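Read the structure below first, then the notes.
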Amino acid sequence: GGAGAMAETAPPAEAFFATPAIDAVRLAPSGEHLGALVAAGSGRQLAVMPVSRSRARVLSIPAAVRDYRWVTDERLVLAIGASDRAPGLAAVNRDGSGYRVLAAPAGDPARREGATLLDILPRQPADVLVVDDRRQAGAPDVYRVNVFTGERALVARNPGRVLRWWTDRLGRVRLSLAWLHGSQGLRYVLRHRFGGDTGWQRLHEARLGGPFISPLAFDADNRHLFVASSVGRDTTAVQRYDTVTMTLGEVVHARPDADVSAMEPAPGGGVASVRYEAQTPVQVYPGGEEPAGWEWLNEQLPGLEHRVVSRSRDGERAVILARGDREPGRFYLFEREPRRLEPLGARLPWLEGRLG
């Protein structure tokens with residue numbers, strides 16, 4: 001009987017695709033508050049609580065919330081709109097007041113990408129960078145938008161065919177990826193500029209299926225770029241790229257058996273961690289500097305793959321997501337000093353103990 005009997009009846013497929021009970025758990029910059037998306041009816045609602053979790057507040061948002069991000073300790077930006085529509089953006093205070101739509105969800109989902117958050121600007125906490133294709137469907141421009149008034153200013157105009165934009169560490173729009181149809185089929189073109197008023201230069205061109213370089217993050221000097229590169233390789237590796245000399249530099253980290261799936265830059269420069277998709281996801285710390293408490297976490301969460309999904313600005317608190325072949329995902333609050341691990345909730349509690 002017990003868990004064994006439960007595991008014998010495999011859960012139905014819907015159980016894996018149902019709205020998670022709790023998801024997207026994120027710390028405010030100060031680390032004093034947590035946000036989470038919680039299942040409510042057929043959709044999701046945004047809940048905010050102090051880290052003491054003494055009182056959680058489900059914010060009453062007059063729209064379906066798809067995702068969110070803390071901009072400051074008081075203000076959050078939300079992706080809104082039905083999941084079959086191109087999203088819009090709104091902002092709300094932590095206590096649920098001051099709700100304002102920054103970009104309405106697109107009415108014509110077939111042609112529109114809608115509006116998405118590109119970056120927050122820590123030096124200008126009232127403003128965020130928003131990618132929005134309201135001017136021309138499928139060709140998103142970048143705007144600076146005030147999260148209190150909704151006032152917007154154009155920062156980068158889409159010349160046409162640009163699909164994606166990237167910012168540097170100062171929040172300047174520096175890279176664009178466009179696609180072109182030509183005699184050789186579909187090509188991707190990566191372009192770069194140094195600042196807001198300089199012209200765009202072509203950095204790299206790739207044919208669909210051919211070798212490519214894909215931006216991961218700017219280094220602290222805002223000149224060098226970390227890219228995932230498959231140039232002259234079978235798997236993608238993290239390499240440095242110099243935007244001044246326009247040359248691909250040394251391999252920072254690579255594995256012969258796996259592609260890079262993500263990378264986190266270190267605050268002071270260099271690479272904090274690289275994530276690979278092998279049989280199971282693998283996290284590597286090139287500087288040899290595993291975060292404080294990592295070994296301790298391995299002991300606390302035996303047999304589970306865990307990663308940091310959110311951290312406070314000072315790095316003293318983090319939200320950890322732990323997963324395994326029999327564990328669909330649990331969130332924990334990790335405190336560095338004194339070391340503490342506190343369960344926050346399971347993503348799919350109805351699957352607990354039911355996975356073989």
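Only a predicted model underlies this, so the values are computations on that prediction, with no experimental measurement involved. No hydrogens, no waters, no symmetry mates; every other heavy atom, side chains included, goes into these values.
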Contacts of type side chain to side chain donor-acceptor pair (under 3.5 Å), residue S30, not counting sequence neighbours: D73
Chi angles and distances behind the side chain to side chain contact (heavy atoms under 4.5 Å, CB included) call for D95, R57: CA-CA 8 Å; D95 65 2; R57 175 192 295 247; 4.2 Å; yes
Straight-line distance of D219 CG to R169 CZ, nearest 0.5 Å: 6.0 Å
Closest approach of A64 to A82 (non-hydrogen atoms, all atoms of both residues): CB-N, 4.5 Å
Sub-4.5 Å side-chain heavy-atom contact between V25 and L321: no
Validation row: Y99, L78 side chains within 4.5 angstrom (heavy atoms): yes
Separation between CZ of R311 and CD1 of I320, rounded to the nearest 0.5 Å: 8.5 Å
F194 ring center near H192 ring center (under 6.0 Å): yes
Between CZ on residue F331 and CG on residue L344, distance to nearest 0.5 Å: 8.5 Å
Closest non-hydrogen atom pair, L248 against S229: CD2-OG, 3.8 Å
Exam field: side chain R123 to backbone L170, donor-acceptor pair closer than 3.5 Å: no
D314, CG: over 12 other non-hydrogen atoms inside 6.0 angstrom: yes
Y188 vs L163 side-chain heavy atoms within contact, under 4.5 Å: yes
From CA spacing to verdict: side chain to side chain contact (heavy atoms under 4.5 Å, CB included), L46, V58: CA-CA 6 Å; L46 177 61; V58 174; over 6 Å; no
Nearest heavy-atom neighbours spanning S312 and E316: OG-N, 3.4 Å
R223 backbone acceptor or donor facing T243 side chain under 3.5 Å: yes
Flag, side chain of R75 to backbone of G98, donor-acceptor distance under 3.5 Å: yes
Hydrophobic cluster (4.5 angstrom, side-chain heavy atoms) - remaining members for F148: V71, V77, L89, L102, L117, I120, V128, V130, Y143, V145, V147, L154
Check ion pair E264-R275 (N to O, under 4.0 angstrom): no
Enclosure of R207 CZ (heavy-atom neighbours >12, cutoff 6.0 Å): no
Heavy-atom closest contact (S261 atom, E277 atom, distance): OG-OE2, 3.3 Å
Sub-4.5 Å side-chain heavy-atom contact between V252 and M263: no
Check: P140 main-chain N/O paired with N158 side-chain donor or acceptor under 3.5 Å: yes
Spacing of CG belonging to L37 relative to CZ belonging to R44, to within rounding of 0.5 Å: 4.5 Å
From CZ (R233) to CD (Q239), nearest 0.5 Å: 6.5 Å
Worked check of side chain to side chain contact (heavy atoms under 4.5 Å, CB included) between H181 and L186: CA-CA 5 Å; H181 270 303; L186 199 59; 3.5 Å; yes
Side chain to side chain contact (heavy atoms under 4.5 Å, CB included) evaluation trace for N298 with H306: CA-CA 8 Å; N298 286 336; H306 55 84; 2.6 Å; yes
Heavy-atom neighbours of R135 CZ exceed 12 at 6.0 Å: yes
For P215, the option from L203, L177, L175 that meets side-chain contact (heavy atoms from CB on, under 4.5 Å): L175
Electrostatic pair R94:E74 at N-O distance under 4.0 angstrom: yes
Nearest-0.5 Å distance, OH of residue Y241 to CD1 of residue I213: 5.5 Å
R144, CZ: over 12 other non-hydrogen atoms inside 6.0 angstrom: no
Over all atoms of both residues, closest heavy-atom pair of T72 and P125: CG2-CB, 3.6 Å
Heavy-atom closest pair, residues E113 and P87: O-CD, 3.4 Å
Heavy-atom donor-acceptor pair, N93 side chain to G96 backbone, under 3.5 Å: no
Note, W165 side chain near D119 side chain (heavy atom, < 4.5 Å): no
Side chain to side chain, R307 and R323, heavy atoms closer than 4.5 Å: yes
Note, R240 side chain near F226 side chain (heavy atom, < 4.5 Å): yes
Heavy-atom side-chain proximity of D257 to Y276 below 4.5 angstrom: no
